[in-house]
Peer 1: 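There's a structure below that I have some questions on.
In what follows, residues are counted from 1 in the order of the sequence shown. None of the values given here were measured: they were computed from a predicted structure.
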Amino acid sequence: MSAEIYMQRCIDLALKGIRSVAPNPMVGCVLVSDDIIIAEGYHQFFGGPHAEVNAINKVKDTKTLKKATLFVSLEPCAHIGKTAPCADLIIKKEIQKVIIGTRDPNPVVGGKGIEKLKNAGVDVIVGILEEQCLAINKRFFTFHEKQRPYVILKWAQTLDGFLDKIRDDDTQMVNWISAPETKTLVHKWRSEEQSILVGRNTIINDNPSLTVREYGGSNPIRLVIDSQLQISNSLNVYSEDAPTIVFNRLKDGQEKNIEFVKINETSTKNILDELYKRNIQSVFVEGGSRTLQYFIIDNVWDEARVIVGKKSFKEGYKAPIINRIPVETIRFGSDTIHYFKRK
C-alpha cells in the first residue's frame, strides 16, 4: 500500500482524541512491516502517552521494530514535557525509517524532533498528506503561529436575516430559529472546542447554560463579556456545570468555579490575548450580534457556521454580515447551514 494510505490511517486514529487531548494536538501513529500494519496508536488524553508510545508498546517482539517504518501525523517531540521525548524512544527501539505528516509548529518542538532523528541515522520523510494533517490540528497550529485561539463564529438567523426579536420587557426566553435536531448538532460543536463565548445581552435575554447536555463529552469553558458586572449570579452561566471566566472592567478574583478577569477594554484583542495566556486554543463564539460582528470587523475569526431556519421575524436584531461566499452549504433537517472560512 502507498504511504498516503498509511498516513490517512494515522489521521483517522488521531481524530479519536478530538474531545480529550486539548491543548495538545491530535496525533495518530502506525507501524508497518512488510506492507502490513503491525501496531497502531493515538494520543488518547491530555497528559497521557503520545501516539508513538502507544503504538510501539503494542509490539511484543521488539526485534520487528528494526525493520519497521513508523508513520505519524505530526513530528515526534524531542523535549521532556508531561512525557518523555518520542524521538528518543524511536531511536532507542532502532526504528530505521519515519514518515511524518507535518512539522510541529510549537517552537519548543518544531524541527527538533526531525533533526534528532536524522542525527541518529534515521531515514526521515516529511510532508505526506501534509494539508490533511494540518487541517485536523488547525486549532493547535493557529494557536502557535498566530498567538491566539482558533475562532469559530456561530449563529442562527431567520430567512429574512434576523437573530432575535426585539425585547420589550425583562422576560427571559429563547426565540428559537433552528430546528430541535440542530440543537444537538450545536452541542456536538461545543464539545469539540475548549471554550465558548457570549456577550452580556445574550446571557440576560436567553439565560443559556452553554453546556453540551444534549450530546455528551466535556463542557467547554464558558466565557462571558460583562464589562460592568450586570449579570445576576442566579443565571445558568453561573452554575457549577462548567468553569466560567467573566471579562469585565471592575475586578479580578475567583469565586468557586467563576473567575473574574479585569481588562481595561473588552476588545477582541484583549480577550484573545487573555485566552492565549491561559493556553486556551479554541473559542466558539455564539453571540450576540454585536459580539459576533466585532470579531468579523477586527478580522480575528477562522470559521463561521451560519444556521438559517425556516422562520421569518420581519423585524428584530439583524444578523451579522460576512461578505464572503460559503465554502460549503448543507441541508440539516429543515435548516440550511452555511460554512465560511476566512482564508
Side-chain angles (χ1 to χ4, degrees), residues 1-32 36-59 68-79 81-87 89-90 95 97-106 108-114 117 124-145 149-150 152 188-194 215-218 220 279-282 284 302-303:
M1 288 190 285
S2 69
E4 286 77 10
I5 291 174
Y6 293 125
M7 190 59 69
Q8 184 59 54
R9 179 57 184 163
C10 291
I11 293 169
D12 294 341
L13 288 165
L15 288 169
K16 292 184 176 183
I18 191 169
R19 286 180 288 276
S20 57
V21 302
N24 282 354
M26 295 178 285
V27 184
C29 175
V30 298
L31 283 159
V32 178
I36 296 173
I37 293 178
I38 60 172
E40 58 186 29
Y42 68 98
H43 185 32
Q44 298 178 9
F45 58 91
F46 177 69
H50 289 184
E52 301 94 318
V53 176
N54 285 330
I56 290 171
N57 285 345
K58 290 180 181 177
V59 179
T69 298
L70 184 145
F71 290 80
V72 64
S73 55
L74 187 69
E75 176 183 359
C77 63
H79 70 293
K82 290 185 176 293
T83 60
C86 293
L89 178 63
I90 293 168
I95 296 171
K97 188 170 185 178
V98 175
I99 297 179
I100 299 167
T102 186
R103 287 168 57 102
D104 193 315
N106 186 342
V108 175
V109 180
K112 297 181 176 66
I114 294 169
L117 292 172
V124 180
I125 298 173
V126 183
I128 304 298
L129 295 189
E130 184 170 20
E131 186 175 337
Q132 294 90 325
C133 291
L134 288 168
I136 63 170
N137 282 311
K138 57 193 176 185
R139 299 161 182 83
F140 182 74
F141 277 82
T142 296
F143 183 81
H144 287 288
E145 292 174 350
Y150 191 85
I152 300 173
K188 175 182 181 293
W189 288 344
R190 290 176 179 178
S191 76
E192 295 169 351
E193 309 310 328
Q194 275 189 276
Y215 183 76
S218 300
N279 206 24
I280 294 174
Q281 294 185 2
S282 66
F284 195 58
D302 299 286
E303 290 183 35

Peer 1: Working to the nearest 0.5 Å, report the span between CD1 of Ile18 and CD1 of Ile136.
Peer 2: 9.0 Å
Peer 1: Between CG of Leu31 and CD1 of Ile36, what distance do you get to the nearest 0.5 Å?
Peer 2: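 Result: 13.5 Å between the selected atoms.
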Peer 1: What distance separates Ile100 CD1 from Cys29 SG, expressed to the nearest 0.5 Å?
Peer 2: 10.5 Å
Peer 1: Listed by chain and number, what are the side-chain hydrogen bond (donor to acceptor under 3.5 Å, both in side chains) partners of Glu130, not counting sequence neighbours?
Peer 2: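 Residues passing side-chain hydrogen bond (donor to acceptor under 3.5 Å, both in side chains) with Glu130: Thr102.
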Peer 1: Within the distance-only criterion (no hydrogens, no angle test), does the side chain of Gln281 pair as donor or acceptor with the backbone N or O of Pro23 below 3.5 angstrom?
Peer 2: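 Yes.
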Peer 1: Sequence neighbours excluded, which residues qualify as side-chain contact (heavy atoms from CB on, under 4.5 Å) partners of Glu145?
Peer 2: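 Scan of Glu145 (side-chain contact (heavy atoms from CB on, under 4.5 Å), adjacent residues dropped) gives Pro105, Phe141.
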Peer 1: Test Tyr42 against Leu15 for side chain to side chain contact (heavy atoms under 4.5 Å, CB included), laying out the working first.
Peer 2: CA-CA 9 Å; Tyr42 68 98; Leu15 288 169; over 6 Å; no
Peer 1: Hey, could you give me each pair passing salt bridge (charged side-chain N to carboxylate O under 4.0 Å, His left out) that has a residue in residues 11-31? Not counting sequence neighbours.
Peer 2: Arg19-Glu192
Peer 1: Rounded to the nearest 0.5 Å, how far apart are OG of Ser218 and CZ of Arg190?
Peer 2: 14.5 Å
Peer 1: Does Lys138 have any side-chain hydrogen bond (donor to acceptor under 3.5 Å, both in side chains) partners at least two apart in sequence or in another chain, and if so, which?
Peer 2: Glu303
Peer 1: In chain order, what residues pass the ring pair (Phe, Tyr, Trp, His ring centres under 6.0 Å) check against Tyr6, with sequence neighbours excluded?
Peer 2: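 Only Phe71 meet the ring pair (Phe, Tyr, Trp, His ring centres under 6.0 Å) criterion with Tyr6.
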Peer 1: Which residues pass the side-chain hydrogen bond (donor to acceptor under 3.5 Å, both in side chains) test with Arg103, not counting sequence neighbours?
Peer 2: none
Peer 1: Would you check if the side chain of Asp302 reaches a backbone N or O of Ile152 as a donor-acceptor pair within less than 3.5 Å?
Peer 2: no
Peer 1: Kindly write out the residues that satisfy ring pair (Phe, Tyr, Trp, His ring centres under 6.0 Å) with Phe284, not counting sequence neighbours, or none if the list is empty.
Peer 2: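 So Phe284 forms no ring pair (Phe, Tyr, Trp, His ring centres under 6.0 Å) with any residue.
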Peer 1: Looking at CD of Gln132 and CD of Glu4, how far apart are the two atoms once the value is rounded to the nearest 0.5 Å?
Peer 2: 9.0 Å
Peer 1: Quick one: list whatever passes ring pair (Phe, Tyr, Trp, His ring centres under 6.0 Å) with Phe140, sequence neighbours left out.
Peer 2: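 Partners of Phe140 by the ring pair (Phe, Tyr, Trp, His ring centres under 6.0 Å) criterion, ordered by chain and then number, come out as His144.
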Peer 1: At what distance, to the nearest 0.5 angstrom, does SG of Cys10 lie from CE of Met26?
Peer 2: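 Reported value, rounded in 0.5 Å steps: 13.5 Å.
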Peer 1: Among Val124, Ile56, Ile99, Leu117, exactly one meets side-chain contact (heavy atoms from CB on, under 4.5 Å) together with Leu70. Which residue is that?
Peer 2: Ile56
Peer 1: Mind checking side-chain contact (heavy atoms from CB on, under 4.5 Å) for Ala22 and listing every partner two or more places apart, or none if nothing turns up?
Peer 2: Gln194
Peer 1: Which residue pairs pass the side-chain hydrogen bond (donor to acceptor under 3.5 Å, both in side chains) test when at least one of the two sits in residues 69-78, sequence neighbours left out?
Peer 2: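 Every pair satisfying side-chain hydrogen bond (donor to acceptor under 3.5 Å, both in side chains) with a residue in residues 69-78: there are none.
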Peer 1: Using the side-chain contact (heavy atoms from CB on, under 4.5 Å) criterion, which residues pair with Asn54? Sequence neighbours excluded.
Peer 2: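 Partners of Asn54 under the side-chain contact (heavy atoms from CB on, under 4.5 Å) test: Gln44, Pro49.
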Peer 1: For Glu40, what residues pass the side-chain hydrogen bond (donor to acceptor under 3.5 Å, both in side chains) criterion, not counting sequence neighbours?
Peer 2: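 If we apply the side-chain hydrogen bond (donor to acceptor under 3.5 Å, both in side chains) test to Glu40, skipping adjacent residues, the hits are Arg9.
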